[in-house]
Enquirer: 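Please see the structure below; I have some questions.
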Amino acid sequence: MKETLKFDRLMQTAQRRTKLSGLGVGGAIVMEGWQRLIDSVNNSRRYDARGVEMLREEFSIRLAAELQLERDLAQFPEIEDVPIIGPVFIVNFGRAGSTFLHNLMAQDERAHAPALWELWSPSPPPGRDKTDCDARIQAARERIELVEKWTPEVLKIHPLVADQPDECHWIVSHGTHYALQHVALPYWEWLKGLKADQQHELMARYRLQIQRLQLFRQGGYWLSKSMSHLHALPALLHTFPHATIICLHRDPLCAVPSLCSLYQRVGSGFVHGGADAELGELALDVFVNGMNRLMATEQSCQTARFLHVRFDDLVADPVQTVRRIAEAMRHEYTQDWNDRCQAYLARTNTAPRYRHNYALDRFGLTEEHVNTRAAAYRRWLDRLCPEE
């Protein structure tokens with residue numbers, strides 16, 4: 001008989017770890033989402049006994065992190081008053097150069113781009129005690145070593161560095177990355193069907209996460225990237241109406257199978273059977289849904305600033321791309337920012353490149369099928385941002 005995960009038991013484990021019991025803002029929808037995700041995993045044929053055990057540990061840690069936010073809000077009620085000034089969100093489907101652009105933008109000393117260790121260990125609010133921060137950085141490095149042990153190819157595709165910026169999906173309560181990472185189709189159907197007020201509750205919780213991370217590091221502007229931002233874009237702009245949204249675009253014939261390849265490798269250390277065709281169709285649906293939301297949101301939003309960047313332009317001239325973004329944001333592209341970008345590019349250009357196979361047919365997809373589903377997006381992008 002297949003071993004399954006029990007939401008109540010996972011929650012009890014998290015409560016024992018934190019000595020906490022309940023959630024505040026967005027608590028009901030957060031818990032419902034975890035229940036849906038766990039049910040999806042239990043109904044999947046992908047996981048062997050070791051996989052279930054690994055997910056049990058992962059989910060209990062993430063549930064504990066949800067509870068830790070409540071503890072921090074009680075201990076530091078001033079978190080809710082921390083201003084979020086001029087936030088900048090990089091949104092994309094994934095595998096469109098967002099990590100590259102995020103790191104270049106983070107070279108601006110005025111930006112607060114949260115490092116991986118902050119996202120993995122945000123409690124209590126970091127920054128007040130340097131010794132404590134050093135301990136969290138070391139803990140993040142040890143966790144990365146475990147990732148490398150179980151799924152070494154993942155770090156070749158998407159490197160993890162403890163003290164470098166990383167994705168905000170680590171502190172987003174629910175997002176598309178869960179659906180893809182666990183090939184959780186029922187969970188994805190639940191997520192994309194959430195009503196506006198439910199999305200707003202989840203985004204209000206994300207805002208509190210940002211405020212917690214900035215409690216002892218105020219000043220500058222928040223800089224974030226996550227594929228979950230694309231799916232939640234209407235709620236994101238409801239919560240941060242005057243944000244700058246940097247939209248990255250890459251040909252779906254490349255972006256979709258590349259992201260599939262990444263998530264296929266994420267699961268390679270703890271799944272006993274493939275679900276590549278299922279992953280391919282799920283990823284394509286996530287892509288189309290996200291782009292539909294982007295098109296509709298930009299058309300209706302009157303307050304946010306939208307900037308569009310094609311992947312090929314970013315790769316061809318990264319410095320000019322950052323300079324153009326800074327100008328559109330009305331930020332000075334300082335000599336210091338430029339020097340830091342040049343140093344980052346020098347390090348990046350000398351690093352070995354890992355090439356992974358992300359052919360469409362590996363994931364049950366064809367060019368015709370992808371192009372048909374992405375046709376409206378392609379027409380919209382060609383009008384908005386013509387290729388040179």
Enquirer: I'd like to know if the side chain of H177 pairs up with that of Y263 as donor and acceptor (distance under 3.5 Å, no hydrogens or angles considered).
Expert: no

Enquirer: Hydrogens and angles aside, do Q35 and D39 bring a side-chain donor and acceptor to less than 3.5 Å of each other?
Expert: yes

Enquirer: Keeping T297 on the side-chain end and L294 on the backbone end, is there a donor-acceptor pair under 3.5 Å?
Expert: no

Enquirer: Which atom pair, heavy atoms only, marks the closest approach of R95 to S258?
Expert: NE-OG, 3.0 Å

Enquirer: May I have the step-by-step check of side-chain contact (heavy atoms from CB on, under 4.5 Å) for R136 and E118, ending in yes or no?
Expert: CA-CA 8 Å; R136 294 192 221 186; E118 294 180 85; over 6 Å; no

Enquirer: Cut-off 3.5 Å, side chains only: do R71 and T18 have a donor facing an acceptor?
Expert: no

Enquirer: If you apply the rule side-chain contact (heavy atoms from CB on, under 4.5 Å), what do you find for L345 with L104, and how did you get there?
Expert: CA-CA 8 Å; L345 289 170; L104 288 170; 4.1 Å; yes

Enquirer: Do H231 and W188 have ring centres separated by under 6.0 Å?
Expert: yes

Enquirer: Are E70 and R205 ion-paired here, with the side-chain N under 4.0 Å from a carboxylate O?
Expert: yes

Enquirer: Just do the salt bridge (Lys or Arg N to Asp or Glu O under 4.0 Å) check on E53 and R56 with the steps written out, would you?
Expert: CA-CA 5 Å; E53 189 58 35; R56 179 177 290 110; 2.6 Å; yes

Enquirer: Specify the closest pair of heavy atoms between S60 and R17, including all atoms of both residues, with the distance to one decimal.
Expert: OG-NH1, 3.3 Å

Enquirer: Would you say E189's side chain and L185's backbone share a donor-acceptor pair under 3.5 angstrom?
Expert: no

Enquirer: Measure the spacing between CH2 of W222 and CD1 of I85 and express it to the nearest 0.5 Å.
Expert: 13.5 Å

Enquirer: Could you give me the CA-CA distance, side-chain angles and deciding distance for E278 and R45, then say whether salt bridge (Lys or Arg N to Asp or Glu O under 4.0 Å) is met?
Expert: CA-CA 12 Å; E278 189 178 21; R45 296 188 298 272; over 6 Å; no

Enquirer: Please report whether the ring centroid of H174 lies less than 6.0 Å from that of Y206.
Expert: no

Enquirer: For a quick check under 3.5 Å, do K225 and T99 share a side-chain donor-acceptor pair by atom type?
Expert: yes

Enquirer: Check the pair L116 / E167 against side-chain contact (heavy atoms from CB on, under 4.5 Å), numbers first and verdict last.
Expert: CA-CA 8 Å; L116 181 61; E167 302 224 13; over 6 Å; no

Enquirer: If you compare all heavy atoms of H112 against all heavy atoms of R217, which two are closest, and at what distance to 0.1 Å?
Expert: ND1-O, 4.2 Å

Enquirer: Just by modelled atom types, is the S98 backbone N or O under 3.5 Å from a matching donor or acceptor in the N92 side chain?
Expert: no

Enquirer: Heavy atoms only: give me the nearest L237-A304 pair and the separation to one decimal.
Expert: CD2-CB, 3.6 Å

Enquirer: Working note: R265 + H158, criterion side-chain contact (heavy atoms from CB on, under 4.5 Å); need CA distance, chi angles, decisive distance, verdict.
Expert: CA-CA 11 Å; R265 283 162 172 76; H158 180 82; over 6 Å; no

Enquirer: Can V315 be reached from V309 by stepping across I, L, V, M, F, W or Y side chains whose heavy atoms are under 4.5 Å apart?
Expert: no

Enquirer: Would you check if the distance from the ring center of Y377 to the ring center of F287 is below 6.0 Å?
Expert: yes

Enquirer: If you measure from the Lys or Arg side-chain nitrogens to the Asp or Glu carboxylate oxygens, is any gap between D317 and R310 under 4.0 Å?
Expert: no

Enquirer: Under 3.5 Å, is there a donor-acceptor pair linking the side chains of R207 and T239?
Expert: no

Enquirer: Just do the side-chain hydrogen bond (donor to acceptor under 3.5 Å, both in side chains) check on H169 and Q181 with the steps written out, would you?
Expert: CA-CA 12 Å; H169 72 231; Q181 180 174 339; over 6 Å; no

Enquirer: Minimum heavy-atom separation for I144 to L160, with atom names?
Expert: CD1-O, 3.5 Å

Enquirer: Does the ring centre of W34 sit less than 6.0 Å away from the ring centre of Y178?
Expert: yes

Enquirer: Do V41 and F59 come close enough that some side-chain heavy atom pair is under 4.5 Å?
Expert: yes

Enquirer: Scan side-chain atoms only and decide if Q335 and D339 contain a donor-acceptor pair under the 3.5 Å cut-off.
Expert: yes

Enquirer: Is a side-chain donor-acceptor pair under 3.5 Å present for D108 with Y221?
Expert: yes

Enquirer: Would you call R250-D312 a salt bridge at under 4.0 Å N-O?
Expert: no

Enquirer: Distance only, no hydrogens: is a donor on one side chain within 3.5 Å (strictly under) of an acceptor on the other, for E332 and W337?
Expert: no

Enquirer: Would you say the side chains of S40 and R36 form a donor-acceptor pair under 3.5 Å?
Expert: no

Enquirer: Please confirm whether the backbone N or O of E80 pairs with a side-chain atom of Q211, one donor and one acceptor, at under 3.5 Å?
Expert: yes

Enquirer: Pair R330, E327 - check salt bridge (Lys or Arg N to Asp or Glu O under 4.0 Å), show working.
Expert: CA-CA 5 Å; R330 301 182 183 89; E327 181 180 342; over 6 Å; no

Enquirer: Indicate, with yes or no, if the rings of W380 and H308 have centres closer together than 6.0 Å.
Expert: yes

Enquirer: Would a single hydrophobic cluster contain both L223 and W117, if residues Ile, Leu, Val, Met, Phe, Trp and Tyr are joined by side-chain heavy-atom contacts under 4.5 Å?
Expert: no

Enquirer: Looking at every heavy atom in both A283 and F93, which two are closest together, and how far apart are they?
Expert: O-CE1, 3.5 Å

